[in-house]
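All chains are named by letter (A, B, ...) in the order of the sequence lines, taking the proteins before the strands, and each is independently numbered beginning at 1. For clarity, every value in this text was computed on a predicted model and none was experimentally measured. Both backbone and side-chain heavy atoms feed into the values below; hydrogens, waters and symmetry mates do not.
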Number of protein chains: 2
Amino acid sequence: MAAETARQRLAPLAEEDTLSLGERAYRRLRESIVQGMLPAGRKISERSIATELGISAQPVREALRRLEQDGMVVTLPRRGTVVAEVGPAQLGELGRIRAALEGVACALAAERIDAGSLGALAAILKRMTAGTEAGDTEALDEANEEFHALIHRATGNLFLIRSLGSLRAYDHLGRHRAIGSTPRDLPKALAEHKGIVAALRRHDPALAEARMRHHILRSLVTNGVLPPPPRPMRRP
Amino acid sequence: MAAETARQRLAPLAEEDTLSLGERAYRRLRESIVQGMLPAGRKISERSIATELGISAQPVREALRRLEQDGMVVTLPRRGTVVAEVGPAQLGELGRIRAALEGVACALAAERIDAGSLGALAAILKRMTAGTEAGDTEALDEANEEFHALIHRATGNLFLIRSLGSLRAYDHLGRHRAIGSTPRDLPKALAEHKGIVAALRRHDPALAEARMRHHILRSLVTNGVLPPPPRPMRRP
DNA sequence: CGCTGCCAACTGCTATGGCAGTTGTCCATG
DNA sequence: CATGGACAACTGCCATAGCAGTTGGCAGCG
């Protein structure tokens with residue numbers, strides 16, 4: 001198993017020994033695609049990735065199948081597998097899809113969220129407030145990630161959790177595409193997050209859904225993934 | 001180019017033969033679960049299914065992985081894979097998720113649908129009208145399937161097509177769960193379908209989305225998957 | 001030069017075998 | 001009888017090997 005020339009373009013998958021090789025290959029490849037190391041159109045064969053990761057071909061094949069179901073790669077039978085082309089237009093579509101799904105997730109969460117999760121959300125809000133005042137975008141990103149992941153988990157719906165997981169990966173891809181810094185509106189995002197938590201605390205599904213969806217769409221507009229107002233976010 | 005058209009001209013090859021074993025295993029297992037042959041909690045091991053289908057274990061394993069991502073099975077590492085429990089509550093959740101996704105799909109379709117697809121939709125509407133007058137629920141189901149599948153394809157978004165495909169499988173599962181006949185409201189459904197096509201023809205995304213989402217939610221309510229009014233379909 | 005046909009080097013796909021962890025059973029022990 | 005511990009029969013997981021299409025290039029013919 002040893003003695004392969006160690007020209008690894010993808011970082012070695014040494015950590016997390018408890019996860020299966022297929023799972024690790026899946027995350028590794030997804031991360032590599034999201035961060036641009038594997039640009040669109042790049043051919044990725046099971047064998048080359050396998051030798052590069054130091055594992056067999058089956059786990060890689062499994063990972064590629066899952067990535068295909070996520071839409072991140074396309075494979076032509078007996079011809080090859082390539083990283084899918086995800087242009088700005090499709091990124092916008094996926095954003096709108098994600099907005100709708102985050103909306104229903106928030107509605108479901110509003111119906112069954114418990115005090116513990118509400119407390120955790122409050123704690124995240126405090127961190128967000130501090131991060132917004134300090135302008136610490138890195139901490140804000142982390143808090144934002146936890147914020148949405150917590151709401152997803154609060155639904156208890158595996159389909160939602162999985163789908164939104166891959167959709168958020170596309171969101172990361174969009175940010176990595178944008179050279180330089182991604183434009184944001186920190187105070188507005190903070191206010192929206194607070195409004196969402198308020199709706200969740202009142203267990204108001206309709207309100208929670210509307211606010212969450214508006215929040216996602218607004219953020220997509222401010223960082224240029226979606227065109228500004230022609231999309232009906234607010235009545236003119 | 002010339003070779004390609006020539007090949008297409010003489011290719012009545014059965015689709016069944018070109019599909020990979022993994023794909024066939026996936027569809028067959030999914031069908032078996034949806035139709036109740038594999039009830040919730042049933043243990044399904046790679047090897048037993050493999051010998052039963054007369055194939056190897058890898059394609060089965062692939063199929064199980066995809067089913068797991070669809071949420072139809074859960075697998076505990078090194079312990080076994082069982083058919084997932086999908087109770088009425090989760091069926092309702094999945095229905096609401098599907099309503100939201102069908103909504104955005106319809107909005108996207110409204111923006112880019114061409115005359116050909118609109119014509120096909122009109123043809124389906126005629127069949128639906130005839131089927132409604134005759135009370136032919138079987139023909140209506142088939143037309144309904146084509147109706148929604150056509151709209152999904154019109155979006156050109158693979159993520160939507162795939163997700164809605166598995167979600168519609170859950171819809172079928174719900175119908176098979178209901179012993180006897182599923183309650184329906186044929187005239188209302190027909191009117192809604194006509195309204196959706198009208199919105200698509202006017203290329204009005206917002207209207208198309210609202211009508212589609214309302215249509216799905218209403219149908220879920222009439223056949224008992226969702227509780228009647230507490231969900232905000234209309235003000236009380 | 002241009003075209004055809006073949007051949008080697010790919011590719012995805014499947015079968016086989018075996019590893020390591022889990023579970024259920026049965027016998028020995030207290 | 002009750003309890004505990006090995007053992008066999010599972011399970012999912014992975015590596016190896018080979019099959020069958022696909023592709024690109026290169027020789028050989030026109």
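Side-chain atoms of A:R162 come within 3.5 Å of backbone N or O of B:E68 as a donor-acceptor pair. Side-chain atoms of A:D136 come within 3.5 Å of backbone atoms of A:E138 as a donor-acceptor pair (strictly under, hydrogens ignored).
Every side-chain hydrogen bond (donor to acceptor under 3.5 Å, both in side chains) that A:H193 has, sequence neighbours left out, goes to A:N144, A:H215. Every residue two or more places apart in sequence or in another chain was checked for a side-chain hydrogen bond (donor to acceptor under 3.5 Å, both in side chains) with A:T137, and none qualifies. In this structure, the side chain to side chain contact (heavy atoms under 4.5 Å, CB included) partners of A:A63, at least two apart in sequence or on a different chain, are A:A25, A:Y26, A:L29.
In this structure, A:S45 reaches the C:dT11 phosphate: one of its side-chain N or O atoms is under 4.0 Å from OP1 or OP2. Remark: B:S56 is not in phosphate contact with C:dT16, judged by side-chain N or O atoms under 4.0 Å from OP1 or OP2.
If you take CD of B:E23 and P of C:dT14, they are 10 Å apart, rounded to a whole angstrom. Look at CZ on B:R24: it is 12 Å from C1' on C:dT14, rounded to the nearest Å. Atom CD of A:E62 and atom P of D:dC14 are 7 Å apart (whole Å). Rounded to an integer number of Å, the gap from CZ of B:R61 to P of C:dT16 is 18 Å. Between the CG atom of A:L21 and the P atom of D:dG12 there is a distance of 17 Å, given to the nearest Å. Regarding A:R65, its CZ atom lies at a distance of 4 Å from the P atom of C:dC13, rounded to whole Å. The NZ-C1' distance, from B:K43 to D:dT11, rounds to 7 Å in whole Å. Between A:E46 atom CD and D:dC14 atom P the separation is 15 Å, expressed in whole Å.
Scanning residues 79-86 of chain B for heavy-atom distances under 4.0 Å to DNA chain D yields B:G80, B:T81.
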Just distance, no hydrogens or angles: give the donor-acceptor pairs under 3.5 Å from side chains in residues 74-94 of chain B, sequence neighbours left out.
{"unit_1": "B:E93", "atom_1": "OE1", "unit_2": "A:N157", "atom_2": "ND2", "d": "2.7"}
{"unit_1": "B:E93", "atom_1": "OE2", "unit_2": "A:R112", "atom_2": "NH1", "d": "2.5"}
{"unit_1": "B:E93", "atom_1": "OE2", "unit_2": "A:R112", "atom_2": "NH2", "d": "3.4"}

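When heavy atoms are screened at a 4.0 angstrom cut-off, B:I55 is found touching the sugar-phosphate backbone but no base atom.
Here side-chain hydrogen bond (donor to acceptor under 3.5 Å, both in side chains) pairs that include residues 113-123 of chain B, with residues two or more places apart or in two chains, are B:D114-B:S117. Sequence neighbours left out, the pairs with a member in residues 38-50 of chain B that pass side-chain hydrogen bond (donor to acceptor under 3.5 Å, both in side chains) are B:S45-B:S48, B:E46-B:R61. Within the structure, every pair that satisfies the salt bridge (charged side-chain N to carboxylate O under 4.0 Å, His left out) test and touches residues 142-161 of chain B, not counting sequence neighbours, is listed here: B:R127-B:E146, B:E145-B:R168.
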Using nucleotides 17-20 of chain D, report all nitrogen or oxygen pairs with the protein that are shorter than 3.5 Å.
{"unit_1": "D:dG18", "atom_1": "O6", "unit_2": "A:R47", "atom_2": "NH2", "d": "2.5"}

